[in-house]
Amino acid sequence: MMHVLSVLALLGSGTVAGVLFAVALSTVPALAAMSPDRYVYTHTLLGRNWDPTMPIIVLSTTLLDIVLAVQASAATARSLIIGAAVCLAGVSLVSHLRNVPINRRVHRTDPDAIPPGWQDPRPLWRRWHMLRTALAMVALVANSIAVTMLF
């Protein structure tokens, strides 16, 4: 059972870290280069499939880490797994409390009628995204090291 949980935790944390890293590396700079109307239109399109999928992956992996930590016999591995779970919970909190509200504001904006004085959310969204990307990368490293210690 520990092998299966370990593989699933690595798969989940790797997916979260990989997706967030790819967005930071490619999508964020592309969106930053767009005019406000193109940005609003594109951001709305990009979020359609990620919004329901990523929370499920992040929260499932957090839960997997908690179960794995409970079953881990080595104290150092357990501590690393708990750290990974905390980092993934941080990804979820940053996403839900910071990035998602910005996304909702952007999605309510009509790309064909950007109001005068529109507050461009891209710099703030990027900062929060970079934080959750760093948390996801730390979770992946912690899970990877812990799994090597378990077996």
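Just so you know, these numbers use all the heavy atoms, side chains as well, and skip hydrogens, waters and symmetry mates.
- Membership of the apolar cluster around Leu45 extends to Tyr41, as traced through chained side-chain contacts below 4.5 Å between ILVMFWY residues.
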Stepwise side-chain contact (heavy atoms from CB on, under 4.5 Å) test for Arg126 and His129: CA-CA 5 Å; Arg126 179 188 178 279; His129 181 73; 5.5 Å; no
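- Residues Val4 and Val67 fall within the same hydrophobic cluster, defined by Ile, Leu, Val, Met, Phe, Trp and Tyr side chains chained together at heavy-atom separations under 4.5 Å.
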Check: residues 83-101 side-chain donor-acceptor pairs under 3.5 Å, at least two apart:
from  : atom 1 : to     : atom 2 : distance (Å)
Ser95 : OG     : Val91  : O      : 2.8
Ser95 : OG     : Arg132 : NH1    : 2.8
Asn99 : ND2    : Trp125 : O      : 3.2

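- Annotation: the span from Leu68 atom CG to Ile81 atom CD1 amounts to 4.0 Å, rounded to 0.5 Å.
- A continuous path of ILVMFWY side-chain contacts below 4.5 Å connects Met2 to Leu8, so both sit in one hydrophobic cluster.
- Sorted pairs that involve residues 72-93 and meet ring-ring contact (aromatic ring centres under 6.0 Å, His included), not counting sequence neighbours, are lacking altogether.
- Grouping the Ile, Leu, Val, Met, Phe, Trp and Tyr side chains by contacts below 4.5 angstrom, directly or via other members, places Leu10 apart from Met149.
- The hydrophobic cluster containing Val40 also contains Leu46, counting ILVMFWY residues as joined when their side-chain heavy atoms lie under 4.5 angstrom apart, directly or transitively.
- Annotation: ring-ring contact (aromatic ring centres under 6.0 Å, His included) contacts of Tyr39 (sequence neighbours excluded): His43.
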Using atom types as modelled, flag every donor-acceptor pair under 3.5 Å from a side chain in residues 134-146 to any protein atom, sequence neighbours excluded.
from   : atom 1 : to     : atom 2 : distance (Å)
Asn143 : ND2    : Ser13  : OG     : 3.3
Asn143 : ND2    : Asp65  : OD1    : 3.4
Asn143 : ND2    : Asp65  : OD2    : 3.1
Ser144 : OG     : Leu140 : O      : 2.8

Distance-only criterion, 3.5 Å: show the donor-acceptor pairs between side-chain atoms of residues 14-36 and protein atoms not counting sequence neighbours.
from  : atom 1 : to    : atom 2 : distance (Å)
Thr15 : OG1    : Leu11 : O      : 2.7
Ser35 : OG     : Asp37 : OD1    : 2.4

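- For the residue pair Gly12 and Thr61, the shortest heavy atom distance occurs at CA-OG1, 3.2 Å.
- Residues Leu5 and Val147 are members of one and the same hydrophobic cluster, defined by side-chain heavy-atom contacts under 4.5 angstrom among Ile, Leu, Val, Met, Phe, Trp and Tyr.
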